Amino acid sequence: MIKIENLKASIDDKDILKGINLEIPAGEVHVIMGRNGSGKSTLANVIAGNETYEVDGGNITMETTDITEMSIENRALEGIFLCFQYPVAIPGVSMAYFLRSALNAHRKYQGKEEMDALEFLNKAKAILSELGLDDSFLKRSINDGFSGGEKKKSEILQLLTINPKLAVLDETDSGLDVDALRTVAKGVNKFKNENNSVLIITHYQRLLDYIKPDVVHLMIDGKIVKTGDMSLVEKVEKDGYSWLEK
Amino acid sequence: MVDKNQQVIDKTLEQEYKYGFSTNIEETKFEPGLNEDVIKKLSKIKKEPQWLLDWRLKAFRNWEKMSEPTWANIKYEPIDYQALSYYAAPKQLKNDSLDDVDPEIIETYNKLGISLNEQKRLQGVAVDAVFDSVSIATTFKKELSKHGIIFCSFSEAVQDHPELVKKYLGSVIPATDNYFAALNSAVFSDGSFVYIPKGVKCPMELSTYFRINATNTGQFERTLIVADEGSYVSYLEGCTAPMRDENQLHAACVELVAHKDSTIKYSTIQNWYAGDKEGKGGIYNFVTKRGTCLGDNSKISWTQVETGSAVTWKYPSVIMQGDNSVGEFYSVAVTKNKQQADTGTKMIHIGKNTKSTIITKGISAGEGQNTYRGGVKILKNAENAQNFSQCDSILIGDKCGAHTFPYIDVNNPTAKMEHEATTSSIGEDQLFYCNQRGIKLDDAVSMIVNGFCKEVFEELPMEFAVEAKQLIEVTLENSVG
């Protein structure tokens with residue numbers, strides 16, 4: 001699905017990503033774990049095309065398309081979806097209006113007919129009820145006055161509505177109570193199938209109690225230093241990261 | 001990202017003003033210059049009664065002694081008042097039938113999207129069209145007169161309803177109120193007059209469409225709206241002007257009088273020519289607007305969407321004299337390129353249990369400067385007065401400015417005051433968020449700005465809310481680099 005080769009990126013001349021290699025085939029869930037400042041969130045942002053970061057080398061390929069130079073919105077339309085760590089509020093713009101605009105931008109790009117308001121409402125309501133969320137969610141301004149849990153649920157609602165090829169979850173589990181964590185996990189499990197991929201970026205094991213990853217990567221100082229299975233997660237929980245630095 | 005934002009701004013600045021054409025038409029126009037003879041000549045053309053001429057001359061003599069205000073946060077070249085012409089009117093004058101109006105003028109309004117043909121008009125909106133110094137046509141007059149409603153040009157009102165004009169003219173904005181109001185009182189040429197009789201709810205929106213066409217001419221219109229006891233009216237004004245290299249002066253006065261239990265809702269969509277990228281040309285919009293809630297339980301609500309003019313100086317205000325009366329001010333002001341706006345409101349609480357609300361949204365792009373200036377005054381006898389003020393500003397780019405000057409003067413300890421103010425940039429993070437969901441940059445900008453203005457747009461009559469939204473979109477469109 002996505003292939004990242006020797007990716008290097010910096011911010012204000014400070015090197016953050018120092019040659020990332022990562023390939024996630026369709027149908028797989030990958031996890032990247034690492035300490036604060038190891039470059040995990042930078043990787044998520046660079047995949048999404050955030051221009052705050054300078055890409056200094058390497059390639060990102062989505063299926064067969066090289067997206068390294070592509071604009072943010074075109075990558076999104078190519079199928080990359082970022083679940084934000086801190087989703088920003090946009091006062092006065094309703095969730096329904098925003099999400100329908102986003103969905104129709106994708107549909108247009110895929111050569112499909114745009115969805116009218118009623119059709120969209122039915123689709124969104126069905127997803128809301130599966131997530132156990134109230135319809136009134138759609139009338140609220142995006143992330144405006146949302147609790148931490150509501151913001152993450154809103155990201156999951158958007159993920160399921162847009163239904164991209166690759167979901168990148170940037171510390172979606174941080175600061176969530178157990179109920180919200182379950183809702184997020186439920187959404188991600190509903191999303192994943194053999195035709196799409198998930199990349200989870202996290203500090204903790206707890207989300208992985210609900211979503212089973214196929215591959216686990218450990219990141220230190222801008223590089224992936226170890227790749228393996230669930231047992232790596234257990235080792236990190238127990239021993240931390242210092243053993244990797246020796 | 002920063003580079004891309006710069007492109008957004010640059011594209012915004014390139015946006016053309018689509019109402020910038022001019023109409024080639026024969027006009028009667030005064031020679032430039034202002035003195036008592038000019039005022040006498042103007043009054044004579046309008047066949048005005050002596051008392052009105054005296055009122056004008058008194059205002060003029062006062063104006064001569066006054067000096068132009070300098071306290072506003074605006075900069076402009078000094079205006080040479082002797083270089084302006086104070087009257088311009090199409091040669092073919094107004095008649096009862098549209099057939100007699102110069103087709104060029106009808107075509108002008110058609111191009112502006114204003115059909116003067118009643119059948120083609122939006123249902124439920126009556127229009128008074130003011131072209132330079134005179135009113136060209138007023139639609140739906142007959143329909144309105146069935147309800148006893150008077151909706152006509154100011155000049156007609158002087159002829160047909162002198163008692164009403166004499167009673168109310170200057171009752172809210174005295175002829176000597178301020179420099180520009182005094183000038184307007186001396187030389188105003190036309191405008192709209194509205195009277196809603198007791199207990200009548202005006203069945204349609206009333207609107208005036210102002211168009212400046214002639215060069216080197218000031219437009220000084222005067223609007224007077226009186227809502228008698230228990231009546232209701234919603235009124236809208238729209239404004240455009242051709243693109244011209246020199247600055248043009250627009251100094252209007254709007255007076256509203258709300259009697260007991262009545263409501264006046266006054267909305268403005270101001271889109272005068274704003275000048276070019278370098279700040280050349282554009283309208284100086286120096287306007288005095290004020291309403292008095294004369295009777296108990298009356299209400300005056302101002303809503304304005306200001307996107308045009310090179311310089312705007314304007315503070316629609318409400319004097320809440322009656323007990324339980326309500327004053328409201330909702331404003332969206334956009335400045336881009338080198339536009340400057342110093343705008344806000346004054347809410348004067350005199351009666352008991354009076355309540356005012358101020359919600360303003362300032363949007364600055366390019367090198368635009370946007371100032372909110374608002375005063376809330378609670379007088380000694382205004383028991384339990386309440387005010388809520390919320391002034392938000394948004395900045396697009398790093399060369400523009402937003403300024404807030406609130407003045408609060410409370411003379412009664414029972415008053416409740418709330419004031420909130422925010423300034424933010426259109427966040428890179430907001431744009432990134434929208435882009436990441438597949439929404440293009442220009443759509444994202446207009447979505448964010450429209451969301452920001454939502455509380456104000458909700459106050460506009462339906463048809464105009466759509467127009468205002470589109471106006472903002474057009475103003476900020478083409479923003480993808």
Side-chain angles (χ1 to χ4, degrees), chain A residues 11-12 44-45 47-54 70-95 97-110 140-144 151 154-155 157-159 161-164 167-168 170, chain B residues 1-8 330 332 359-361 363 390-394 396 420-460 465 468-469 472-473 476 479-481:
Chain A
I11 183 164
D12 300 332
N45 275 279
I47 292 173
N50 190 337
E51 290 162 19
T52 310
Y53 302 92
E54 192 74 42
M70 218 179 236
S71 70
I72 306 161
E73 63 269 23
N74 282 338
R75 291 172 195 232
L77 297 171
E78 282 290 330
I80 291 174
F81 183 97
L82 178 61
C83 277
F84 283 77
Q85 185 175 6
Y86 304 110
V88 64
I90 308 179
V93 179
S94 76
M95 199 69 205
Y97 181 74
F98 177 78
L99 194 47
R100 187 157 76 92
S101 304
L103 177 63
N104 279 335
H106 280 83
R107 291 179 67 93
K108 217 170 139 186
Y109 192 77
Q110 293 156 7
R140 297 172 65 183
S141 294
I142 305 157
N143 300 322
D144 193 19
K151 282 184 186 171
S154 144
E155 295 292 292
L157 165 68
Q158 295 178 47
L159 170 69
T161 308
I162 292 172
N163 194 25
V168 180
D170 185 11
Chain B
M1 200 63 188
V2 176
D3 288 351
K4 201 157 182 185
N5 261 3
Q6 195 53 50
Q7 286 172 10
V8 175
Y330 300 97
V332 166
I359 294 182
T360 68
K361 307 283 178 178
I363 299 151
Q390 184 189 330
C391 310
D392 299 325
S393 308
I394 203 166
I396 306 176
E420 292 173 10
T422 64
T423 300
S424 54
S425 304
I426 279 203
E428 310 262 310
D429 50 350
Q430 286 176 325
L431 293 174
F432 178 51
Y433 193 77
C434 294
N435 291 161
Q436 211 298 307
R437 297 302 185 249
I439 297 165
K440 283 190 305 197
L441 205 53
D442 58 350
D443 292 342
V445 169
S446 85
M447 190 184 270
I448 292 165
V449 171
N450 272 310
F452 176 73
C453 301
K454 192 178 168 214
E455 283 161 288
V456 174
F457 288 166
E458 279 174 351
E459 294 298 322
L460 287 170
K469 223 175 145 172
I472 298 284
E473 267 158 29
L476 300 170
S479 40
V480 173

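Side chains included, hydrogens not; waters and symmetry mates left out as well; all remaining heavy atoms used. Values in this document were obtained by computation on a predicted structure and should not be read as measured data.
For residues 103-110 of chain A, a heavy-atom distance under 4.5 Å to chain B picks out A:Ala105, A:His106, given by residue number.
Contact annotation for A:Phe98: both backbone and side-chain heavy atoms come within less than 4.5 Å of a heavy atom of chain B. With a 4.5 Å cut-off on non-hydrogen atoms, A:Pro164 does not touch chain B at all. Using a 4.5 Å cut-off between heavy atoms, A:Gln158 touches chain B through its side chain atoms alone.
Most heavy-atom pairs under 4.5 Å with chain B: of the set A:Ile162, A:Asn143, A:Ile142, A:Asn74, this distinction falls to A:Asn143. Per-residue counts of heavy-atom pairs under 4.5 Å with chain B were compared for A:Val93, A:Ile90, A:Leu77, A:Leu82; the largest is that of A:Leu82.
The closest donor-acceptor contact from the side chain of B:Gln436 to the backbone of A:Ile80 lies under 3.5 Å.
When the side-chain contact (heavy atoms from CB on, under 4.5 Å) test is applied to B:Glu455, the partners found at least two apart in sequence or on another chain are B:Ile359, B:Lys361, B:Gln390. Residues satisfying the side-chain contact (heavy atoms from CB on, under 4.5 Å) test with A:Val88, not counting sequence neighbours, are B:Asp429, B:Gln430, B:Tyr433. Under the side-chain contact (heavy atoms from CB on, under 4.5 Å) criterion, A:Glu54 pairs with A:Ser10, A:Asp56, sequence neighbours left out.
Here the closest heavy-atom approach between residue A:Ala76 and residue B:Gly438 is recorded as CB-N, 3.7 Å. Nearest heavy-atom pair, B:Ile439 versus A:Ser101, reported as atom, atom and distance to 0.1 Å: CD1-CB, 4.1 Å. Closest non-hydrogen pair, A:Gly92 versus B:Lys454, comes out as O-CD, 3.1 Å.
A heavy-atom distance below 4.5 Å is not found between the side chains of B:Phe432 and A:Thr52.
Here the CD-CG distance, from A:Glu51 to B:Asn435, works out to 8.0 Å after rounding to the nearest 0.5 Å.
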